[in-house]
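Just below is one structure, and these are the notes that go with it.
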Number of protein chains: 2
Amino acid sequence: MAAAERSTRDRVLDSFETLLVTAGSRAATLDAVAADAKVSKGGLLYHFPSKDELVVGMLARLREQGAADAAKMRTAKKGPVDYYLSTSAHTGSDFDRALVAAARIAQEHDQRASEALADLRDGWFTVLREHLGDEALARTIQLIGDGLYFDDTMGLQAKGALTHVRNVLRRLDVL
Amino acid sequence: MAAAERSTRDRVLDSFETLLVTAGSRAATLDAVAADAKVSKGGLLYHFPSKDELVVGMLARLREQGAADAAKMRTAKKGPVDYYLSTSAHTGSDFDRALVAAARIAQEHDQRASEALADLRDGWFTVLREHLGDEALARTIQLIGDGLYFDDTMGLQAKGALTHVRNVLRRLDVL
DNA sequence: GTCTATAGGCCGATAGAC
DNA sequence: GTCTATCGGCCTATAGAC
């Protein structure tokens, strides 16, 4: 089957995420989302009857993407740790964008977004702990991943950060 | 001299930061800030002629607090690493609140906020590198601190995270 | 320095044509 | 399914009394 055109629904969610990530939730208005997705506001509101439904739709898509990512992490060639760290820094993937977008929403006291993010983190942690057999090490590596991710979303990424981390993890016989 | 009452100016900045941290920038409106600081909107705008000036005032205060923190880190009893890590998780200090508030602003494409945060991070990194004499280790520890800080601001804090980190750092002869 | 009143614009959402 | 037109509300900011 030929690849279908990206549906209006998906384009709207893409635009919502992009605006959240690049300009913050203040800028992610229905007007702005509709303009970016090239639909009228009325058209947008046909698919998502309220702004809140836009959030719900986004989080549902995020959870799907998250399940796929955890599976990929388990069977990654270079191992789960390397996969986790190298995807914590910005990769430009759709999943990345959805993750950062959800973080922006979570910061505004949205429990559904916080829960989705917490569940995703639990998934990654489970894989790390199983693979390493060491809770302290698994938690520390998860924190390093969070740090990489945080720096990236804040535009604070220091050069060579990932290389430095790999260097230190080799001293711990992890890589 | 007796402790002066907190000035209206400072109360307004306090309220602005608190709203940013607890409810996000969308909720940190002039109306909300004025109400929280118990001033009228007109009264608020006498001290800060525009919302942008509120941001400028907040960042100026943050830089003062940041310089004091770096100095404290240098001479901390348990050493800079322990000081840095234990203050990366939430301490409830005014400095903490200002830091998170600035991060919220930085996420909305505000270059002044991003610069202020980057400068603060440079200060901490300088102390860590000088103390450790090891750039890779210093960067990794900074990332762990960022991770602790990120988890905290997102309400994702895993129990015992700091203990796990100390455990791993002892294996590296850092603590 | 602090207040009330209000201007002018953008926000989320509805109604109804096509 | 997508559009235009429009409503009421909230946002930033100004004007001017006290």
Side-chain angles (χ1 to χ4, degrees), chain A residues 4-61 101-102 104-113, chain B residues 4-61 101-102 104-113:
Chain A
E5 290 277 313
R6 208 154 179 79
S7 68
T8 298
R9 206 190 130 86
D10 272 322
R11 274 188 297 115
V12 166
L13 288 179
D14 292 348
S15 295
F16 185 42
E17 288 176 3
T18 299
L19 281 162
L20 281 171
V21 171
T22 61
S25 77
R26 221 187 163 82
T29 65
L30 294 185
D31 280 291
V33 172
D36 190 81
K38 275 148 191 150
V39 205
S40 68
K41 220 198 295 193
L44 186 163
L45 285 162
Y46 168 79
H47 293 281
F48 302 95
S50 73
K51 197 174 185 186
D52 203 61
E53 287 301 315
L54 209 50
V55 172
V56 170
M58 187 188 86
L59 293 177
R61 221 173 57 163
R104 299 281 199 253
I105 298 292
Q107 284 174 357
E108 314 218 312
H109 251 160
D110 188 304
Q111 199 155 2
R112 296 158 309 179
Chain B
E5 289 279 312
R6 208 154 177 80
S7 69
T8 299
R9 203 190 134 86
D10 271 323
R11 272 188 298 116
V12 166
L13 287 179
D14 291 350
S15 295
F16 184 43
E17 288 176 1
T18 298
L19 281 162
L20 281 171
V21 171
T22 61
S25 76
R26 220 186 161 87
T29 65
L30 294 184
D31 279 291
V33 172
D36 190 83
K38 275 148 191 151
V39 205
S40 68
K41 221 198 294 193
L44 186 163
L45 285 162
Y46 168 80
H47 293 281
F48 302 97
S50 73
K51 197 175 184 184
D52 203 62
E53 287 301 315
L54 209 50
V55 172
V56 171
M58 189 189 83
L59 293 177
R61 221 173 58 162
R104 300 283 199 251
I105 298 292
Q107 282 174 356
E108 314 216 313
H109 250 158
D110 188 304
Q111 199 156 1
R112 296 159 306 181

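Order of the sequence lines sets the chain letters (A, B, ...), proteins ahead of strands, with each chain counted from 1.
Residues that satisfy the side-chain contact (heavy atoms from CB on, under 4.5 Å) test with B/Ser15, not counting sequence neighbours, are B/Val33, B/Asp36, B/Ala37. Evaluation of the side-chain hydrogen bond (donor to acceptor under 3.5 Å, both in side chains) rule for B/Thr18 yields no partner, not counting sequence neighbours. Residues satisfying the side-chain contact (heavy atoms from CB on, under 4.5 Å) criterion with B/Ala28, sequence neighbours excluded, are B/Phe16, B/Leu19, B/Leu20. Partners of B/Thr29 according to the side-chain hydrogen bond (donor to acceptor under 3.5 Å, both in side chains) rule, which considers only residues two or more places apart in sequence or in another chain, do not exist here.
In summary, contact between chain A and DNA chain C, defined as any nucleotide atom under 4.0 Å from a heavy atom of the protein, begins and ends at C/dC11 to C/dT14 in the 5' to 3' direction.
Screening residues 43-59 of chain B for salt bridge (Lys or Arg N to Asp or Glu O under 4.0 Å) gives B/Asp52-B/Arg112 as the qualifying pairs, with residues at least two apart or on separate chains. Within the structure, salt bridge (Lys or Arg N to Asp or Glu O under 4.0 Å) pairs that include any residue of residues 16-35 of chain B comprise B/Glu17-B/Arg61, B/Glu17-B/Arg97, B/Asp31-B/Lys41 (at least two apart or interchain).
Under a 3.5 Å cut-off, the side chain of B/His109 and the backbone N or O of A/Thr22 do form a donor-acceptor pair.
B/Asp31 comes within 4.0 angstrom of a nucleotide base, judged by non-hydrogen atoms across all strands. Among the atoms of the strands shown, base atoms are found under 4.0 Å from some heavy atom of A/Leu45.
A 4.5 Å side-chain heavy-atom check between B/Phe48 and B/Leu13 finds at least one atom pair inside the cut-off. With a 4.5 Å cut-off on side-chain heavy atoms, B/His47 and B/Thr8 count as touching.
Taking every heavy atom of residues 34-43 of chain A and every atom of DNA chain D, pairs under 4.0 Å involve A/Val39, A/Ser40, A/Gly42, A/Gly43, by number. Of the residues in residues 16-28 of chain A, those lying under 4.0 Å from DNA chain D by heavy-atom distance are A/Arg26.
If one axis is set at each end of the helix from C/dG1-D/dC18 to C/dC18-D/dG1 from five pairs, those axes are 0° apart, to 10°.
In terms of heavy atoms, A/Ser25 sits closest to A/Glu108 at OG-OE2, 2.7 Å. For B/Ala102 against B/Ala113, the heavy-atom pair with the smallest separation is O-CB, 3.8 Å. Considering all non-hydrogen atoms of both residues, B/Val39 and B/Arg11 come closest at CG2-NH1, 4.3 Å. Among all heavy-atom pairs drawn from A/Leu30 and A/Leu44, the shortest one is O-CD1, 3.9 Å.
For the pair B/Leu44 CG and D/dC11 P, the computed distance is 13 Å after rounding to whole Å.
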